[in-house]
Amino acid sequence: MNADALRALYAYHFALHQRLWDCIDHLTDEQFVAPVEYSIGSVRNHMVHLASVEQRWLARVAETPLPDRLRYEDFPTRAAARAKWDEVEAHFKSFLIGLTDDDLERTVTYSISRRAEPVTSAVWEILIHVINHGTDHRAQVLPILHRAGAPTLEQDFMVYLWEQTSS
């Protein structure tokens, strides 16, 4: 793994999130917050969860103070949640610009609620986890969007790459 390869994966990650937001824009604010009996619930909950988790992982790898988890109810509309997502994405992109191959091998020690002892991970492991986590939640949101009548998207990495080379 090198920093340029990771930046390419994040270009995919952010592009697919932007496309997902384009699909979410077809929902009403009521549909956006409507309860769903799966995983963490509404489309809003998924998107706020993603923003929350990504800003917390970014703080760990950037060695900045860990922000509190975002609260779903603080984002009652698509616009409010989208603004927070855009802010988190901008911070992440700024971090990635200066990322070096050596940075990827640095380790970070942090606490998680699932384990009594602190955990240590390489920066590259954390950054790959963030991409994988985003893919998982996009996959959970897509059928919710489909059931609500909103458009959906294909999120395969290879399809994204093919689109990049054909445009």
Side-chain angles (χ1 to χ4, degrees), residues 1-24 32-33 36-75 78 80-97 99 103-115 117-146 150 152-161:
M1 179 60 57
N2 65 53
D4 286 337
L6 201 63
R7 279 188 281 274
L9 288 170
Y10 268 90
Y12 155 78
H13 176 69
F14 294 134
L16 270 284
H17 274 313
Q18 293 302 323
R19 291 179 191 178
L20 184 63
W21 276 109
D22 292 344
C23 296
I24 291 168
F32 182 64
V33 299
V36 175
E37 292 185 20
Y38 178 72
S39 186
I40 58 174
S42 67
V43 172
R44 183 255 328 256
N45 290 8
H46 281 276
M47 302 312 289
V48 170
H49 170 75
L50 282 168
S52 183
V53 167
E54 294 201 14
Q55 75 175 1
R56 289 171 61 84
W57 282 119
L58 176 59
R60 288 181 179 112
V61 298
E63 298 178 314
T64 60
L66 190 67
D68 291 334
R69 286 182 175 86
L70 299 175
R71 296 167 4 119
Y72 304 136
E73 57 273 12
D74 291 341
F75 302 90
R78 290 169 296 147
R82 177 70 183 262
K84 185 60 179 180
W85 171 257
D86 289 345
E87 174 190 319
V88 171
E89 181 180 310
H91 289 298
F92 227 115
K93 285 179 175 178
S94 291
F95 170 78
L96 292 169
I97 288 170
L99 190 69
D103 292 332
L104 296 176
E105 298 304 323
R106 182 173 46 84
T107 59
V108 178
T109 301
Y110 52 96
S111 298
I112 59 171
S113 59
R114 296 178 185 186
R115 301 192 57 164
E117 299 296 321
V119 178
T120 299
S121 302
V123 168
W124 75 264
E125 293 171 323
I126 292 170
L127 294 175
I128 291 293
H129 165 73
V130 169
I131 293 168
N132 189 57
H133 182 254
T135 301
D136 178 41
H137 280 282
R138 283 192 307 271
Q140 292 179 34
V141 169
L142 289 170
I144 301 169
L145 293 173
H146 176 74
T152 60
L153 57 100
E154 184 160 346
Q155 64 168 343
D156 287 344
F157 181 61
M158 290 307 294
V159 171
Y160 166 79
L161 291 176

- prompt: Within the distance-only criterion (no hydrogens, no angle test), does the side chain of Tyr12 pair as donor or acceptor with the backbone N or O of Leu161 below 3.5 angstrom?
  reply: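 No, because the side chain of Tyr12 does not come within donor-acceptor range (under 3.5 Å) of the backbone of Leu161.
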task: Tell me, please, which residues at least two apart from Asp68 pass side chain to side chain donor-acceptor pair (under 3.5 Å).
output: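 Here no residue qualifies.
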field: All side chain to side chain donor-acceptor pair (under 3.5 Å) counterparts of Ser52, not counting sequence neighbours
entry: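 Side chain to side chain donor-acceptor pair (under 3.5 Å) check on Ser52 returns nothing, list empty.
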Roughly how far, to the nearest 0.5 Å, is [atom2] of [Y] from [atom1] of [X]?
X: Glu54; Y: Leu70; atom1: CD; atom2: CG; answer: 11.5 Å
X: Arg44; Y: Asp74; atom1: CZ; atom2: CG; answer: 9.0 Å
X: Leu16; Y: Phe157; atom1: CG; atom2: CZ; answer: 10.0 Å
X: Leu104; Y: Ile128; atom1: CG; atom2: CD1; answer: 9.0 Å
X: Leu6; Y: Ile131; atom1: CG; atom2: CD1; answer: 5.0 Å
X: Thr135; Y: Gln155; atom1: OG1; atom2: CD; answer: 5.5 Å

Taking all non-hydrogen atoms of both residues into account, name the closest pair between [X] and [Y] and its distance.
X: Ala3; Y: Leu99; answer: CB-O, 3.4 Å
X: Val141; Y: Met47; answer: CG2-SD, 4.4 Å
X: Phe32; Y: Ala81; answer: CZ-CB, 3.7 Å
X: Cys23; Y: Ala150; answer: O-CB, 3.7 Å

Would a 4.5 Å heavy-atom cut-off, applied to side chains only, mark [X] and [Y] as touching?
X: Leu20; Y: Leu145; result: yes
X: His46; Y: Val36; result: no
X: Met1; Y: Leu9; result: yes

task: Among residues two or more places apart or on two chains, list those pairs meeting salt bridge (Lys or Arg N to Asp or Glu O under 4.0 Å) that have a residue in residues 83-93.
output: Arg82-Asp86, Lys84-Glu87, Glu89-Lys93
Sequence neighbours left out, what passes ring-ring contact (aromatic ring centres under 6.0 Å, His included) with [X]? Give chain and number order.
X: His133; value: His49, His129, His137
X: Tyr10; value: His13, Phe14, Phe92
X: His91; value: none

message: Going by the rule salt bridge (charged side-chain N to carboxylate O under 4.0 Å, His left out), which residues pair with Glu63 if we only count those two or more places apart in sequence or in a different chain?
response: Arg106
Excluding sequence neighbours, so at least two apart, what forms side chain to side chain contact (heavy atoms under 4.5 Å, CB included) with [X]?
X: Ala15; answer: Tyr160
X: Ala59; answer: Thr64, Leu66, Pro67
X: Pro143; answer: Arg147
X: Ala80; answer: Phe75, Pro76, Thr77

message: Under a plain distance cut-off of 3.5 Å, with no hydrogens placed, do Asn45 and Ser42 share a side-chain donor-acceptor pair?
response: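 The answer is yes; a qualifying pair exists.
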query: Between Gln18 and Asp22, do the side chains contain an N or O donor and an N or O acceptor separated by less than 3.5 Å?
result: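 Short answer, no.
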Presence of salt bridge, Arg7 and Asp4, under 4.0 angstrom: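 Salt bridge present between Asp4 and Arg7.
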- request: Show the numbers, then the answer: is there a side chain to side chain contact (heavy atoms under 4.5 Å, CB included) between Val130 and Val53?
  value: CA-CA 8 Å; Val130 169; Val53 167; 5.8 Å; no
query: Should we count CD of Glu73 as having more than 12 external heavy atoms under 6.0 Å?
result: yes
Which pairs of donor and acceptor atoms, one on a side chain in residues 120-127, lie under 3.5 Å apart (sequence neighbours left out)?
unit_1: Thr120; atom_1: OG1; unit_2: Thr109; atom_2: OG1; d: 2.8
unit_1: Ser121; atom_1: OG; unit_2: Tyr110; atom_2: OH; d: 2.7
unit_1: Glu125; atom_1: OE1; unit_2: Ala122; atom_2: N; d: 2.7

